[in-house]
2 protein chains.
Amino acid sequence: MTDAVAVALEQWRRERPDLDPWPIGVVGRIMRISRMWDKEIKSFLAGHGLEPGEFDVLSTLRRSGAPYELTAGAFLRTSLVTTGAITLRVDRMQDKGLVTRIRDGDDRRSVRIRLTDHGLEVIDRVLPLHLDNEARLLQALDPEARAQLSAMLSTLLESYGDTGGQ
Amino acid sequence: MTDAVAVALEQWRRERPDLDPWPIGVVGRIMRISRMWDKEIKSFLAGHGLEPGEFDVLSTLRRSGAPYELTAGAFLRTSLVTTGAITLRVDRMQDKGLVTRIRDGDDRRSVRIRLTDHGLEVIDRVLPLHLDNEARLLQALDPEARAQLSAMLSTLLESYGDTGGQ
DNA sequence: ACTGATTAGCTTAGCGCTAAGATAATCAGG
DNA sequence: CCTGATTATCTTAGCGCTAAGCTAATCAGT
């Protein structure tokens, strides 16, 4: 069987034989997989009443450890979205009772975003299911392939200096 | 150096030692890379007056070969977006003079979308630059790694039955 | 202390997309 | 031929995000 990107590569070789379309073999496939996973994960999370962006905030807070509290700026540095998106996510999550905003006493520009008890309960319940769901998406790869794939992706991220802030 | 996902994995192992977060090593990295590339490519294309979705339509038409014409449904089957998105993209591209809509004479429900001379000129000019740009994003990987990576990504897409329609 | 630059976060118009429903043409069975 | 189901596309309200500008607090140099 050939995937959709293999077909596109073959078409390009026929139509533009003067060009070598090899980068599409990597970039096209990664973007295609990412879009498919976006939908899968969005649909999975919807079953638990969460948007992907909200799950992302919950995860980041949870794995930062007790007291499950980070400034809005700390999210920016790990999240690849703009400040406006963080503000809006936290607005929605506050309405849902997942997090609270706390003005910092020392630096009154700063806002600390903190997981509520409910938020902690939600992420601790959903995370294991989320991991199972992601593992299912990777079933086609054996453990060795998974490790090789992770390593190559890591090489790419490192080449972009992606350390998630600092 | 460690990438942002390696840091997240380490945090999870500390905070939830009862769980094995390995799927994040693959899924998290692919999604993170995809979002970074989305921005790079969007910014690159903006320099040529194109949106990513528009470039996608131009590419699909161009590589389908003369007469550079496909039905709206054919895009749907290769594109991972909804029918509404195709309609809106074609609306914008028609305004820009990149494509034209032609009602099919045989099946009058069907609309054939056709590259204009201008559209053909644009995609033939931008594509080589786009490939150079993508190659730049993959500089960190040697040719052998690129081939291995493509093969593993292809395995995943095939496991989802992704043949781009048919 | 004062002043300009910087930092942290919020606001909002606009964008592309989705989801759900609508319209219109074609097909399939009796 | 009808009639109901299907197919192809368009329409539109609403969503999350971006980009650009804003407010307010803090810092750095004099």
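Residue numbers start from 1 in every chain, and the chains themselves are labelled A, B, ... in the order their sequence lines are given, proteins ahead of strands. Because the structure is a prediction, the values reported are computed rather than measured.
Set against C:dA25, C:dA19, D:dT26, the side chain of B:D107 has C:dA25 as its closest nucleotide. For A:V111, the listed nucleotide lying nearest its side chain is C:dC10; candidates were C:dC10, C:dG16, D:dT9. Nearest nucleotide to the side chain of B:R89, out of C:dC17, D:dT26, C:dG9: C:dC17. Here the side chain of B:E51 is nearest to one of C:dG16, D:dC17, C:dC10, namely C:dG16.
Residue A:S110 is the one, among A:L88 and A:S110, whose nearest nucleotide of DNA chain C lies closer to the 5' end (criterion: closest heavy atom). Toward the 5′ end of DNA chain D lies the nearest nucleotide of A:A85, the other residue of the pair A:A85 and A:R108 mapping further downstream. The nearest heavy atom of DNA chain D to B:K39 and to B:I86 marks one nucleotide each, and the one closer to the 5' end goes with B:I86.
In this structure, CD1 of A:I113 is placed 13 Å from P of C:dA8, rounded to the nearest angstrom. Atom-to-atom, CG of A:D104 to P of D:dA25 comes out at 13 Å; the value is rounded to the nearest Å. What separates CZ of A:R92 from P of C:dT11 is a distance of 14 Å, to the nearest Å. Straight-line distance from the CG atom of B:L80 to the P atom of C:dA19: 13 Å, rounded to whole Å. Atom CG of A:L50 and atom C1' of D:dC15 are 16 Å apart (whole Å). D:dG16 atom P lies 14 Å from atom CG of A:D56, rounded to whole Å. Atom CZ of A:R101 and atom C1' of C:dT11 are 12 Å apart (whole Å). When the P atom of D:dA19 is taken as reference, atom CG of B:D38 falls 12 Å away, rounded to whole Å.
Looking at B:D3 and A:T163, their side chains never come closer than 4.5 Å, going by heavy atoms from C-beta outward.
Contacts of A:D106 with the nucleic acid, taken as non-hydrogen atoms under 4.0 Å apart, involve only primed sugar atoms and P, OP1 or OP2. Residue-level contact check: B:D91 touches neither bases nor backbone, having no heavy atom under 4.0 Å from any strand. Using a 4.0 Å heavy-atom distance criterion, B:G73 is classed as a sugar-phosphate-only contact.
Residues satisfying the salt bridge (Lys or Arg N to Asp or Glu O under 4.0 Å) criterion with A:D142, sequence neighbours excluded, are absent altogether.
Neither OP1 nor OP2 of D:dT9 sits under 4.0 Å from any side-chain N or O of B:R112. Of the side-chain N and O atoms in A:R103, none sit less than 4.0 angstrom from OP1 or OP2 of C:dA8.
Residue side chain B:R109 does not reach the base of C:dT26 through any donor-acceptor N/O pair under 3.5 Å, judged by distance alone.
Within a 6.0 Å radius of CZ in A:R101, other residues, nucleotides and ligands contribute more than 12 heavy atoms. More than 12 heavy-atom neighbours from other residues, nucleotides or ligands sit within 6.0 angstrom of CG on A:D95. Atom CZ of B:R136 has more than 12 heavy atoms from other residues, nucleotides or ligands within 6.0 Å.
Ring-plane geometry between B:H130 and B:F44 is classed as tilted, the angle between the planes lying from 30 to 60 degrees on a 0 to 90 degree scale.
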